[in-house]
Amino acid sequence: MSFARHDTPPVAVIGGGYAGFAAAVTLARGGARVTLFEASRTLGGRARVVDKDGFRLDNGQHILLGAYAETLRMLRLVGVRPGVLDTRPLTLAYPGEACELRAASLPAPLHLAVGLLRARGLAWTDKLAMARLMRRLKRDRFRVEADRPVAALLAETGQTDKLCRLIWEPLCIAALNTPPERASARVFANVLRDSLAAGASASELLLPRVDLSELFPVPASRWLAMRGHTVRTTEPIQAIHAEDGGYRLDGDPWSSHYAHVVVATAPYHAAPLLKPLPALAPVVAQIGALRHEPIVTAWLAFDGPLDFPEPMIGMSGGYGQWAFDRAALGGPPGLVGIVISASGRHQQISKEALEIALLQELQAIVGPLPALKWSQLITEKRATFACTPGLQRPTTRTPEPGVWLAGDYVDPDYPATIESAVRSGVSAGRSILKRCGLKEGSLFRIE
Ligand SMILES: Cc1cc2nc3c(=O)[nH]c(=O)nc-3n(C[C@H](O)[C@H](O)[C@H](O)COP(=O)(O)OP(=O)(O)OC[C@H]3O[C@@H](n4cnc5c(N)ncnc54)[C@H](O)[C@@H]3O)c2cc1C
């Protein structure tokens with residue numbers, strides 16, 4: 001093991017979400033001295049634990065994919081054991097519609113082809129239409145030159161109503177958190193390329209068996225502390241100022257001088273930090289132009305177990321989109337999470353009416369429900385940026401030489417996900433190391 005050295009550049013990371021910790025670990029592995037500032041008491045940002053009435057819940061149920069290569073690498077690096085992720089083949093199961101598409105455990109493209117052949121509840125016209133879209137994307141190497149809404153791509157390739165309703169729309173909303181009528185076909189094609197079309201293991205569903213803070217931010221924080229780096233919670237930074245060829249931060253209790261600063265906050269929190277730096281005015285404007293989409297998670301605790309055929313099942317025709325049996329994922333018996341991604345008609349009814357509707361929808365799928373003991377609706381109003389066609393996004397590198405951006409909104413190819421957040425953090429960390437003549441991993445004898 002190797003420790004932070006005092007002859008290497010001090011770097012500040014602002015934000016203790018997945019992007020911030022990916023940047024901090026990367027920098028530490030290259031020998032930079034890292035101080036990470038997190039405004040909240042809890043680590044994880046938009047993927048964090050919430051303690052409520054004795055329940056340890058996530059702010060929103062998250063799904064990871066086998067294709068999240070950088071996230072999985074980071075988990076390994078900070079010592080997270082593989083068992084914390086429940087891994088199973090991609091399965092889109094709608095018990096309420098007797099419809100199920102399950103990827104076969106075969107190499108690509110057979111996993112999908114065989115899965116499609118065996119799919120239940122889809123007619124031949126549906127299966128042929130799905131194969132047509134995948135073939136067309138493959139022919140074009142998953143490049144969508146003229147970006148347009150996903151709905152337009154689906155219409156051009158003659159996707160059936162059932163496929164749109166049960167496969168494409170739910171996948172698009174789950175991955176891009178934007179409805180197909182407004183979602184970018186280019187980004188959606190990238191997601192399909194790296195998941196469905198990439199092979200059985202890339203399309204696997206990975207469902208956390210621990211809370212989202214415990215999955216990566218907390219072990220990463222421990223890993224950094226053990227190597228002499230600093231992680232400060234409840235320490236909000238207000239602004240970044242250029243000074244003596246480096247930077248000082250408003251809100252830093254030590255008023256330290258940093259050679260580089262990684263801004264790893266959500267985009268809407270980044271703009272005020274960057275404003276004092278005139279060179280960053282165009283970046284601030286770009287960030288200001290991003291629009292955001294909500295995600296609602298209804299946590300329902302029942303007085304007994306429920307009869308889920310899979311830990312994750314699709315819901316259709318109502319407000320709910322996916323239901324998760326948390327008991328099958330290491331949670332307490334009877335705990336269910338129902339997710340509603342993106343804006344939609346659920347925003348037009350009261351919380352109470354929404355909860356009643358979700359209970360009825362759940363009962364229609366899994367049968368009579370045990371008594372409801374407790375419930376909590378968590379709405380993240382700005383869960384992710386709206387991933388619309390032709391969006392201009394800021395990049396990791398900025399016009400200010402020592403200020404870098406990390407976060408789920410800076411990767412031009414991907415929607416806002418844990419993986420894009422981690423990738424951006426790794427990329428910011430590596431760019432700084434390169435600028436300083438350091439290399440990731442070079443200081444470490446034992447990992
Ligand atoms: C309900 C919900 C469900 C989701 N589902 C999925 C899913 O299934 N799969 C998936 O891959 N992704 C999902 N996402 C998206 C994923 O959670 C985000 O893309 C990812 O967590 C973003 O990480 P980040 O590090 O870029 O930003 P954040 O998580 O927002 O982290 C930024 C951190 O910066 C801190 N901060 C802000 N301002 C300051 C300041 N001035 N000083 C110090 N600290 C500051 C914040 O407190 C926060 O901790 C979901 C998101 C939500 C909200």
Side-chain angles (χ1 to χ4, degrees), residues 12-24 35-50 57-65 67-68 70-71 74 171 173-177 191 195 205-208 212-213 215-217 220-221 231-240 249-252 261-274 292-299 312 321-322 324 337-342 377-385 387 396 405-411 414-426 428:
V13 176
I14 307 175
Y18 277 63
F21 276 107
T35 305
L36 184 146
F37 296 93
E38 165 55 45
S40 160
R41 191 177 302 280
T42 310
L43 300 176
R46 279 168 288 156
R48 70 181 184 283
V49 70
V50 174
L57 309 163
D58 289 322
N59 64 317
Q61 172 67 48
H62 279 53
I63 309 167
L64 284 71
L65 291 178
Y68 283 18
E70 281 299 277
T71 306
M74 274 289 148
L171 278 185
I173 291 180
L176 275 66
N177 196 29
V191 171
S195 54
L205 290 175
L206 314 178
L207 299 173
L212 292 167
S213 296
L215 181 63
F216 174 59
S221 168
V231 174
R232 304 276 307 203
T233 53
T234 56
E235 212 77 80
I237 297 301
Q238 277 90 42
I240 305 169
L249 310 178
D250 277 355
D252 173 3
V261 180
V262 180
V263 178
T265 69
Y268 41 84
H269 290 142
L273 297 170
L274 306 175
H292 300 276
E293 289 281 344
I295 299 182
V296 175
T297 304
W299 291 109
M312 168 183 156
Q321 293 164 355
W322 303 99
F324 295 82
I338 297 184
V339 174
I340 310 173
S341 296
L377 232 70
I378 302 183
T379 302
E380 289 277 1
K381 287 195 180 129
R382 293 183 289 182
T384 70
F385 70 87
C387 192
T396 298
L405 299 182
D408 59 359
Y409 64 105
V410 299
D411 189 323
Y414 282 90
T417 58
I418 282 190
E419 176 69 2
S420 49
V422 168
R423 278 177 184 227
S424 72
V426 171

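In this chain, numbering begins with 1 at the start of the sequence shown. FYI, side chains are in, hydrogens and waters are out, and symmetry mates aren't considered; it's all heavy atoms of this structure. Whatever order the structure lists them in is the order used to number ligands and atoms, beginning at 1. No experiment lies behind these values; they were computed from the predicted model shown.
Checked by distance only, ligand 1 and Ile418 come closer than 3.5 Å through their nitrogen or oxygen atoms. At least one N or O atom of Ala19, backbone or side chain, sits closer than 3.5 Å to an N or O atom of ligand 1. Where the criterion is an N or O separation shorter than 3.5 Å, residue side chain and backbone included, Ala39 meets it with respect to ligand 1. For Ile63, a nitrogen or oxygen atom sits less than 3.5 Å from a nitrogen or oxygen atom of ligand 1, counting backbone and side chain alike. Taking any N or O of Ile237, backbone or side chain, at least one lies under 3.5 Å from an N or O belonging to ligand 1. Considering backbone and side-chain atoms alike, Asp408 places an N or O below 3.5 Å from some N or O of ligand 1. Considering backbone and side-chain N/O atoms, Asn59 never comes within less than 3.5 Å of an N/O atom of ligand 1. In terms of polar-atom proximity, defined here as any N/O pair under 3.5 Å, Arg46 does make such a contact with ligand 1.
By the 4.5 Å heavy-atom criterion applied to side chains, Thr35 and Val13 are not counted as neighbours. Annotation: side chain of Gln321 is in contact with side chain of Ile340 (closest heavy-atom distance under 4.5 Å). Considering only heavy atoms from C-beta on, Thr297 stays 4.5 Å or farther from Asp58 through its side chain. At a threshold of 4.5 Å between non-hydrogen side-chain atoms, the residues Tyr18 and Arg46 do not count as touching. Residues Phe37 and Asp252 form a side-chain contact, since some pair of their non-hydrogen atoms from C-beta on lies under 4.5 Å apart. By the 4.5 Å heavy-atom criterion applied to side chains, Val296 and Ile378 are not counted as neighbours. Residues Leu249 and Ile240 meet the side-chain proximity criterion, which asks for heavy atoms closer than 4.5 Å. Put simply, the side chain of Glu70 reaches to within 4.5 Å of the side chain of Glu419, judged on heavy atoms.
Below 4.0 Å from some heavy atom of Ile14 lie the following atoms of ligand 1, by number and element: 40 (C), 42 (N), 43 (C). Atoms of ligand 1 found under 4.0 Å from any heavy atom of Gly45, numbered from 1 in the order shown, are 29 (O), 31 (O), 48 (C), 49 (O). Atoms of ligand 1 lying under 4.0 Å from at least one heavy atom of Gly60, given by number and element, are 1 (C). Close approach of ligand 1 to His269 (heavy-atom distance below 4.0 Å) involves ligand atoms 37 (C), 38 (N). Near Ala416, with a cut-off below 4.0 Å to any heavy atom, the atoms of ligand 1 are 15 (C), 19 (O). Atoms of ligand 1 found under 4.0 Å from any heavy atom of Gly407 (numbered from 1 in listed order, with element): 26 (O). Applying the 4.0 Å criterion to heavy atoms of Ile295 picks out, from ligand 1, the atoms 1 (C), 2 (C), 3 (C), 4 (C), 52 (C).
The nearest protein atom to atom 23 (O) of ligand 1, hydrogens excluded, is given as Ala421 CB, 3.6 Å; this is a heavy-atom distance. Among all non-hydrogen protein atoms, the one lying nearest atom 39 (C) of ligand 1 is Thr265 CG2, 3.7 Å. Nearest protein heavy-atom neighbour of atom 34 (O) of ligand 1: Gly15 CA, 3.2 Å. Scanning all protein heavy atoms for the shortest distance to atom 31 (O) of ligand 1 gives Gly17 CA, 3.6 Å. Scanning the protein for heavy atoms near atom 53 (C) of ligand 1, the closest one is Ala383 CB, 3.5 Å. Annotation: atom 21 (O) of ligand 1 to nearest protein heavy atom, Ala47 CB, 3.8 Å.
Between Ala270 and Thr265, the shortest heavy-atom distance links the atoms N-OG1, 3.2 Å. The shortest heavy-atom contact between Ala406 and Tyr409 is O-CE2, 4.1 Å. The two atoms that bring Ala22 and Val422 nearest to each other are CB-O, 3.5 Å, heavy atoms only. Smallest separation of non-hydrogen atoms from Ser40 and Thr233: O-CB, 3.5 Å. Thr384 and Leu176 get closest at one heavy-atom pair: OG1-O, 4.4 Å.
Residue Tyr68 places a heavy atom less than 4.0 Å from ligand 1. Within the structure, the closest approach of Gly44 to ligand 1 falls below 4.0 Å when heavy atoms are considered. Look at Leu64 and you'll find every heavy atom at least 4.0 Å from all atoms of ligand 1.
Contacts with ligand 1 closer than 4.0 Å are made by backbone heavy atoms (N, CA, C, O) of Ala264 only, the side chain lying farther away.
Counting heavy atoms only, His62 comes closest to atom 3 (C) of ligand 1 of the residues His62, Glu38, Arg48.
Side-chain polar atoms of Ser420 and Asp411 form no donor-acceptor pair below 3.5 angstrom.
Considering Thr417, Leu212, Val339, Leu215 as possible partners of His62, the one that fulfils the side chain to side chain contact (heavy atoms under 4.5 Å, CB included) test is Leu212.
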